[in-house]
Amino acid sequence: MANISWNEIQDRAAEFASKWQGETYEKGESQSFWSDFLNIFDIDRRRHGAYFEYAIKKGSGKQGFIDMFWPGKLLAEQKSGGKDLSKANIQAYEYLSTMPDHDLPEAIVISDFATFQFIDLETRNKTEFSLLDLPKNVKLFGFLLGQTSKNIAEQDPVNRQVAEAMADLHNQLRDDNYTGHDLELLLVRLVFLMFADDSGIFDRATILEYVENCTAKDGSDLGSRLVQIFEVLNTPKNKRQNSLDEAMATLPYVNGGLFAEYIQTPTFNSAMRHTFIDAMHLDWSKVSPAIFGSMFQGVMDETERRNLGAHYTSEKNILRVIKPLFLDDLYVELARAVQSGPRKKYDELRKLQDKISQLKFLDPACGSGNFLVIAYRELRRLEHKIVAMLAKDPNQQDMFASAGAGVGVLKVNVDQMCGIEIDEFPSLIAQTALWLTDHQMNVEYSQQSGRTFKRLPLTKSATIVNKNALTTDWSDVIPAGELDYILGNPPFIGSKMMTATMRDELLAQFPDVKGAGVLDFVTAWYAKAANYMKQNPKIQTALVSTNSIIQGEQVPILWKYLFEQGVAINFLHQTFKWSNDAKGNAAVYCTIVGFALFNKPEKRIFEYEDIKGEPNEIQAKNINGYGIDAPSVIIERRGKPICAVPPMSFGNMPLDGGNLLLAGDEKDALLDAEPAAKEFIKPFIGAKEFLRNETKWCLWFKGASPTALKSLPLVLARVRAVKDFRLASNTPSTNAHAIRPAEFRDTANPEKFVVVPRVSSERREYVPMAIYQNSEIAGDTCQIISNATLYHFGILTSQMHMAWMRAVAGRLESRYRYSKDIVYNNFIWPEVTDQQKAEVERLAQDILDARAKFPDSSLADLYDPLTMPPTLAKAHKTLDRYVDRLYQKSGFQNDPARVAHLFELYKENG
């Protein structure tokens, strides 16, 4: 959202009120009303994740729809002009009763176009005002100008401060030669101490005051004092010495194994002590355990982080995994239980609580436990809702009378969480992070119920195994029959970045699968999960992955294998930018795939109009390996076009060490010295030159006579340099081309050809293409279609082909990578008459004519969505509509419909 003043906002509110006053509007106009309302604050609805007609299950199980909903921000219910708003008010509160905590808005607003009722859900204060008084009351909506969600705890600066402080302490100790397992376990114990000292596990500031007042300023005795603290925390109170320091004696018995293992006593100096005390002075009670991934990542340098493929995760992105995997379904069950009737409701709530207390989760690449932490937190919050409802059961005795402040009342515990992590340090952090989350939830429950609840000593713990997930039998961690969900984000490492060991581990998961070597490392977890799930077909899985697994060459290999194993995709987030809360904030382009060995009745696709924004959810009949609602057919690499059209090939690779290519000044200098070289100089079209309207030249000697070459000494020197370059290569195929040093490696120069860049920005609605004559040479960063006509150009530049390309092409980061063997050769062309072909050619020429009106503009500028001329856009849309009707008389409403039709055609013809 832009930075705008309140004066400007009030002016916009006045314009909004003026526009909508004086008429009695029907509810059907609510979308326009609320869209205009959000524009007052410069809020882009789609980018910030606000929805019209937001689907939500009612308690009866029937579908309800919120008129306008921005999760975590605002819920708006609309009625037609003059209607009673009390019903809408009740309906809004009904939605809140079964809504997940992370979606709860800050306010409700009810309107009939003429009046507003604003309800602040924190204070429950209600403000009612007329439409014309909106400018006076617009500051009520000031919270809309903040962050897009109040629930993303990692945005609190203390999380980053804590992570960086602990990384600093870690590095000081490491540099002083206190290393290895002892250092890692020490650091995790210190994290627990500081959190416990601030959050109520210990009496507040017990450890801080002890360290400040009872240890030497030079740090010489700090290590031994800390070891003593560890011993106290690992000793039941009835077994401690009576002479123990008074402050130490107040510490509780923690148990849980965290302080049981002996470690070498660390030696501190004054700087280390100062760093430790500074870290303790931060407010650890506000820390989200989800930052522990950031803490770990802050310790690693950039190179090590890339080598490990570590991309630690924000809470927002974790919720994108766990909501459709299990959390949304559990809240639907809660809604049904609440609405099941006064007699049955409490029995259903107890069943639901029992169910969630028995669910088991596995993250087989758990890192520092972020996914398990957030999953556990959300389960506990759901249980708190259930317990609060059960407390109102008139037929039940006081739940706390015999249970003792929640013991026995709360059933969800950390032992429901399992993880596998190859590196020891994050596996230790994961264990501790879950205990800290448990305590945070105990505090949250205590505040809600009015009764103090603690779980000390620790009697249960998560199962976090420090092993290689790909060489470990997951049944040794948790038997498949006990597991319900697999989740996480395995390492993001491309096929070309893997070590030999990683490649062996990958291939072991795909026995006898041809081409598996091109798969990303993450796919090994997909295969291992699918085979593990066969032991218990009820298990559901959701993994974050690089988006390449649903694009291009990987799809026929990976998804053909997985579908053969019985896998069905039940939800999928299409490509989005995955960021995290780590120092450096690494970001990659990802997908989230939710799958099982059964089909769920409702399949969900999350589309991203803006890959950095929020998704729009659509219901799907089927989700195929390309992440779209279409038949599960696999587009294999194909050497020739499936239809009778001219072949596509790579452009011409110089393979010259730069000696056959000329910049403008090099061309001019060569011609000044050797004017006879002019006949061998041609314009060179690389993707950069093609898109940016830049000029480059090349020496093209195909068919040139030896005599002509020898008459040009400077040219001949360049040819000699090409020969030397090719002979010096370690690649035999390059050496072989030294026999003809005057020529490019490739020498395609047809009379006429269409140029298609191999890589194009995802921002463009159309991949720019153009028609050239043989007076110009296409480079290998382009693909060419020899002897193509205006008809071929027209079909390829149509939205029908663009939709196909976006569905099946690979990507380079977020940009589309056009493949001839997958995109072009598998594209189904329409069956046309000569008359229809002529009309396509006429409309294609209109596109070229529209471009020609802007001779100074590059294709990059002409096809930039912000600067595309209206005449060019109109010419494309006209062609799009005509080509659509060549495939289907009624045309298509959108790209998903186009792609689904093309997949059906491919299924019939492929």
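Here, residue 1 is the first one in the sequence, and each next residue gets the next number.
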Give the ring-plane orientation class for Tyr526 versus Trp559, where under 30° counts as parallel, over 60° as perpendicular and anything between as tilted.
perpendicular

Is the distance between the ring centroids of Phe576 and Tyr589 less than 6.0 Å?
no

Can you tell me how the ring of Phe903 sits relative to the ring of Trp804, calling it parallel under 30°, perpendicular over 60° and tilted otherwise?
tilted

Side-chain donor or acceptor of Asn826 paired with backbone N/O of Ile822 under 3.5 Å
yes

Tell me whether Arg637 is salt-bridged to Glu553, with the criterion being a basic N under 4.0 Å from an acidic carboxylate O.
yes

May I ask you to check whether Tyr863 and His876 place their ring centers less than 6.0 Å from one another?
yes

Please determine whether a side-chain nitrogen of the Lys or Arg among Asp895 and Arg806 lies less than 4.0 Å from a carboxylate oxygen of the Asp or Glu.
yes

Counting only heavy atoms from other residues, nucleotides and ligands, does the tally under 6.0 Å from NZ of Lys560 exceed 12?
no

Salt bridge flag under 4.0 Å for residues Arg885 and Glu839:
no

Could you tell me whether a side-chain N or O of Asn616 sits under 3.5 Å from a main-chain N or O of Glu607, the two making a donor and an acceptor?
no

Tyr818 and His801 aromatic centres sub-6.0 Å
yes

Judged by atom type as modelled, is there a donor-acceptor pair below 3.5 Å linking the side chain of Asp520 to the main-chain atoms of Phe492?
no

Does the pair Arg842/Asp846 count as a salt bridge with the N-to-O cut at 4.0 Å?
yes

So does Asn774 get a backbone contact from the side chain of Lys682, meaning a donor-acceptor N/O pair under 3.5 Å?
yes

Which label fits Trp829 and Tyr791: parallel for a plane angle under 30°, tilted from 30 to 60°, or perpendicular past 60°?
tilted

Donor-acceptor pair, distance only, cut-off 3.5 Å: does the side chain of Gln574 make one with the backbone of Gly627?
yes

Might you work through the ring-ring contact (aromatic ring centres under 6.0 Å, His included) test for Phe744 and Trp700, ending with a clear yes or no?
CA-CA 8 Å; Phe744 278 40; Trp700 189 257; 5.2 Å; yes

Main chain of Val522, side chain of Ser545: is a donor-acceptor contact present, judged purely on distance under 3.5 Å?
no

Would you call the rings of His901 and Phe892 parallel, tilted or perpendicular if under 30° counts as parallel and over 60° as perpendicular?
tilted

